[in-house]
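The next block holds one structure in the form of structure tokens; read it before the comments.
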2 protein chains.
Amino acid sequence: MSAKPFSSVWTRERKGGREQGLSRDQIVRAALELLDAEGLDALSMRKLGARLGAGATSLYWHVANKDELIELVMDEVYSGVVVPEAADWREAASVFAYGMRQAVFDHPWSASLIGVVPALGPNALTSADRLMGAFVRAGFEGIDVDYAMTAVVSYTLGATIPEVAFLSSLKATGKSVTELQAAVDPLMTKLAADRPNLRERYRSYTHQNFDPIVARRLAFEFGLMALLDGLGTRLR
Amino acid sequence: MSAKPFSSVWTRERKGGREQGLSRDQIVRAALELLDAEGLDALSMRKLGARLGAGATSLYWHVANKDELIELVMDEVYSGVVVPEAADWREAASVFAYGMRQAVFDHPWSASLIGVVPALGPNALTSADRLMGAFVRAGFEGIDVDYAMTAVVSYTLGATIPEVAFLSSLKATGKSVTELQAAVDPLMTKLAADRPNLRERYRSYTHQNFDPIVARRLAFEFGLMALLDGLGTRLR
DNA sequence: GGTCACCTCGAACAGTGTGCGAGTAGTGTC
DNA sequence: GACACTACTCGCACACTGTTCGAGGTGACC
């Protein structure tokens with residue numbers, strides 16, 4: 001156990017200086033572009049440096065290490081989710097959920113990072129604050145505010161991550177949905193032999209020619225509404 | 001776009017052979033041990049080979065590449081979650097949710113993989129089949145079976161991933177919860193200035209000396225019950 | 001003109017996943 | 001017993017990776 005101090009970019013004082021040449025914001029922006037264009041694996045310090053017309057090791061003046069850089073870029077993702085300041089709690093929660101979902105869709109590489117990297121950046125915090133405000137105004141009391149908010153965030157995360165991961169692996173292979181179905185089909189029919197419920201469901205899917213992408217979206221709506229209903233009964 | 005075929009371990013025929021010396025199961029078991037003991041970053045083909053008394057490249061006879069290996073090990077994680085075959089749907093959903101949560105707790109490295117890696121292994125599929133069966137028996141109809149099940153899985157995932165990630169980053173630094181709170185505190189008080197709801201919540205947390213670990217667990221229960229309530233009203 | 005903090009960056013280190021091709025060992029056939 | 005063939009192991013090499021170190025430059029202030 002090396003017992004290095006807990007450190008997030010956000011817990012350190014930012015270096016203040018002359019800010020000529022490279023700047024932290026510039027680096028973060030370039031990293032975001034690179035990630036959006038080529039995905040998580042394509043982000044290397046050397047490539048990022050090259051993109052900025054700088055040496056790879058120059059970046060280390062502005063950023064402690066790659067993990068910190070990623071924390072910074074992740075907060076940019078949160079900047080895409082805006083929660084209305086004065087709104088009904090259900091409205092606020094919905095807007096948050098769909099906003100978050102969209103933000104991850106816009107930056108698919110974030111799917112494998114979003115619950116894992118600490119979200120202490122300014123954008124993440126303002127989103128959380130806004131959402132929390134809506135729950136407070138709605139009448140949730142004490143620790144329930146936290147619980148209710150966490151529930152919405154959890155559901156949104158858990159629904160979005162696999163959805164986006166699926167879509168990007170699809171894009172990476174260059175196959176269409178139907179091609180993929182064809183690839184998975186033999187496996188499915190074989191494994192579904194002693195899994196009756198799965199088999200039945202799979203059959204009705206393929207027969208109806210149901211687009212799994214729109215199905216996912218409908219599923220997101222369904223679960224979110226159910227959760228909000230359940231939270232609603234806990235008001236008072 | 002390289003257009004390589006979509007491939008998962010589960011979509012390929014398994015090599016049949018003499019099975020002397022190394023075997024795929026043996027490799028997967030050793031990988032699981034290594035991951036549990038030292039975490040995701042510690043898993044390298046060379047280290048894994050050494051652990052098995054074999055050369056690193058020998059592994060490539062039994063496993064196409066590291067990603068495939070990880071798919072295989074991930075299915076071992078799912079083996080920890082068992083869903084009772086005959087049970088009330090709420091009971092089944094609860095057992096699944098807590099089982100999944102526990103499985104990720106038992107293998108913290110899986111937190112950053114669990115929604116991202118395709119879950120087409122036998123263990124993942126039987127869990128899904130059992131859970132689905134419970135919803136079918138409960139009376140959910142048509143696509144609602146899917147929606148309801150997906151909602152439970154999504155919530156469980158989204159709640160568990162950050163929780164486990166937080167705990168393992170805590171363990172990695174070797175700090176206690178209170179030490180971490182002390183580290184984050186100056187940041188918090190500074191940033192909470194123009195985030196009134198967050199500030200209020202943060203104050204009541206630190207004043208009550210509330211253990212965030214048990215708080216997380218209570219939050220999990222709260223959200224799960226709310227979701228199940230909401231799903232219940234959609235029966236009939 | 002000198003000093004000093006800010007900033008850049010090439011070289012080097014210790015790793016990583018994996019393709020290739022040579023080599024070995026065990027089984028089946030004549 | 002000889003031969004062929006398949007299953008399997010593995011050293012080498014390649015093209016990367018994140019990061020440290022220390023040497024240099026460059027502009028601002030005294």
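Just so it is clear, the model here is predicted, and its values are computed rather than measured. Letters go in sequence order (proteins before strands), and every chain restarts at 1. Heavy-atom basis, side chains included; hydrogens, waters and symmetry copies ignored.
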For D:dC8, does either OP1 or OP2 sit under 4.0 Å from a side-chain N or O belonging to B:S58? no
Figure out the CD/P separation between B:E68 and C:dT18, and round it to whole Å. 10 Å
Look at A:W61 and C:dC7 and indicate whether a side-chain polar atom (N or O) is within less than 4.0 Å of OP1 or OP2. yes
Between C:dC9 (C1') and A:L52 (CG): distance, integer Å: 14 Å
When rounded to the nearest 0.5 angstrom, what is the spacing between CD in B:E68 and CZ in B:R24? 6.0 Å
Rounded to whole Å, CG of B:N65 lies from P of C:dG17 at a distance of 11 Å
Find the distance A:Q26:CD to C:dT8:C1' and express it as a whole number of Å. 14 Å
So what does A:A56 hit on the nucleic acid, given a heavy-atom distance under 4.0 Å: a base, only sugar-phosphate, or nothing? nothing
One should read off an interatomic distance between B:W10 CH2 and B:L125 CG, to the nearest 0.5 angstrom, of 9.0 Å
Rounded distance [0.5 Å steps], OG1 in A:T156 versus CG in A:L224: 6.0 Å
Distance in angstrom units between B:L59 CG and C:dG17 C1', rounded: 11 Å
Integer-rounded Å distance: D:dG18 P and A:L69 CG: 10 Å
Please list, by residue number, the residues of residues 31-48 of chain B whose heavy atoms come closer than 4.0 Å to an atom of DNA chain C; answer none if no residue qualifies. B:L43, B:S44, B:M45, B:R46
B:Y60 OH to C:dC20 C1': how many Å, rounded? 13 Å
A quick test of your reading: do over 12 heavy atoms of other residues, nucleotides or ligands sit less than 6.0 Å from CZ of A:R51? yes
Taking the side chain as every heavy atom from C-beta outward, state whether B:V177 and B:L170 have any pair of such atoms under 4.5 Å apart. yes
B:H62 vs D:dA7: side-chain N/O to OP1/OP2 distance below 4.0 Å: no
Atom NZ of B:K66 to atom C1' of D:dT17: distance rounded to whole Å? 12 Å
Among side-chain atoms of B:D106 and B:Q102, is any donor-acceptor pair under 3.5 angstrom? yes
Can you classify the ring geometry of B:F220 versus B:Y98 as parallel (below 30°), tilted (30 to 60°) or perpendicular (above 60°)? perpendicular
